[in-house]
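The analysis underlying the following values was restricted to heavy atoms, covering all of them including side chains, and did not include hydrogens, waters or symmetry mates.
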Amino acid sequence: MAVLDDELMKDAEYDADVVAYVREQIPQELKEKFNDEELFYFHDLVEDYLAESAVFEAEPDEEGFVDIDIEDIAKHLQKTAKKEGMGEYELEDLLRIVDAELFFCDEDEE
């Protein structure tokens with residue numbers, strides 16, 4: 001059980017690091033628009049989207065990069081948030097959040 005607890009704690013710390021990074025990267029106007037609960041919610045949606053899509057199965061280009069359509073992810077967040085009653089969000093705002101989150105993931109892999 002301790003191993004599971006340790007894994008859950010590491011996941012929670014990682015999630016908190018992602019949200020803190022996103023909050024640092026987004027403009028002040030978005031910092032005022034989005035609370036931490038919303039940023040955690042969108043973080044979970046991004047992780048689910050990436051896990052369920054074929055993004056990680058795509059072949060990298062010559063430089064080792066995989067093309068990720070951040071607009072498609074942002075539209076998914078927008079649609080899901082509305083469907084789940086979280087609210088209606090501007091696509092441009094969600095694009096900035098997705099971009100910051102994916103940039104964190106890139107930095108984390110290095």
Side-chain angles (χ1 to χ4, degrees):
M1 198 64 145
V3 172
L4 178 61
D5 290 342
D6 288 345
E7 189 66 31
L8 291 174
M9 184 64 87
K10 286 179 186 177
D11 286 346
E13 289 173 5
Y14 176 80
D15 293 346
D17 289 345
V18 172
V19 168
Y21 180 83
V22 168
R23 181 159 294 289
E24 288 175 14
Q25 299 303 309
I26 59 177
Q28 185 62 36
E29 66 197 43
L30 294 185
K31 290 176 184 175
E32 294 169 7
K33 265 188 183 179
F34 292 93
N35 62 39
D36 284 348
E37 180 183 339
E38 290 169 307
L39 293 177
F40 275 101
Y41 172 75
F42 288 122
H43 167 64
D44 286 342
L45 289 181
V46 169
E47 283 193 330
D48 290 346
Y49 178 91
L50 294 174
E52 294 171 5
S53 71
V55 169
F56 294 123
E57 296 169 14
E59 285 294 318
D61 63 17
E62 299 89 38
E63 297 175 7
F65 294 103
V66 174
D67 186 33
I68 298 176
D69 186 347
I70 64 168
E71 186 171 336
D72 192 47
I73 297 171
K75 286 178 181 178
H76 171 75
L77 300 183
Q78 188 180 44
K79 179 180 172 185
T80 304
K82 184 176 180 178
K83 178 180 168 187
E84 293 181 351
M86 283 294 290
E88 293 189 30
Y89 297 90
E90 296 293 323
L91 186 61
E92 186 64 34
D93 295 345
L94 296 175
L95 282 166
R96 290 177 175 222
I97 290 171
V98 171
D99 190 48
E101 172 136 0
L102 294 179
F103 192 78
F104 176 88
C105 293
D106 283 346
E107 294 284 311
D108 191 47
E109 287 178 6
E110 295 176 358

Atom pair [atom1] ([X]) and [atom2] ([Y]), whose distance is rounded to the nearest 0.5 Å:
| X | Y | atom1 | atom2 | value |
| --- | --- | --- | --- | --- |
| Thr80 | Tyr49 | OG1 | OH | 10.5 Å |
| Ile70 | Arg96 | CD1 | CZ | 11.0 Å |
| Asp69 | Ser53 | CG | OG | 10.5 Å |
| Leu39 | Ile26 | CG | CD1 | 5.5 Å |
| Ile73 | Leu95 | CD1 | CG | 9.5 Å |

- Task: Kindly assign one of parallel, tilted or perpendicular to the pair Tyr21 and Phe104, based on the angle between their ring planes and the thresholds 30° and 60°.
- Result: tilted

- Query: Which class fits the ring pair Tyr89 and Phe42: parallel under 30°, tilted 30 to 60°, perpendicular over 60°?
  - Reply: perpendicular

*asked:* Could you go through Leu91 and Leu77, starting from their C-alpha distance and side-chain angles, then the distance that decides it, and tell me whether this counts as side chain to side chain contact (heavy atoms under 4.5 Å, CB included)?
replied: CA-CA 9 Å; Leu91 186 61; Leu77 300 183; over 6 Å; no

Given Lys33 and Glu29, is the salt bridge (Lys or Arg N to Asp or Glu O under 4.0 Å) satisfied, shown in steps?
CA-CA 6 Å; Lys33 265 188 183 179; Glu29 66 197 43; over 6 Å; no

How close do [X] and [Y] get, counting heavy atoms only, and between which atoms?
| X | Y | result |
| --- | --- | --- |
| Glu90 | Gln78 | C-NE2, 4.0 Å |
| Asp15 | His43 | OD1-NE2, 2.8 Å |
| Ala74 | Leu94 | O-CD1, 3.7 Å |

Subject >> Modelled atom types, side-chain donor and acceptor of Tyr41 and Glu84, under 3.5 Å >> reply: yes

* To do: Could you tell me whether the side chain of Arg23 and the main chain of Lys31 form a donor-acceptor pair under 3.5 Å?
  => yes

Result for side-chain contact (heavy atoms from CB on, under 4.5 Å) between Val46 and one of Asp48, Asp44, Leu50 points to Leu50

task: Evaluate the side chain to side chain contact (heavy atoms under 4.5 Å, CB included) criterion for residues Ile97 and Gln25: first the C-alpha distance (whole Å), next the side-chain angles of each, then the deciding distance (0.1 Å), finally the verdict.
output: CA-CA 8 Å; Ile97 290 171; Gln25 299 303 309; over 6 Å; no

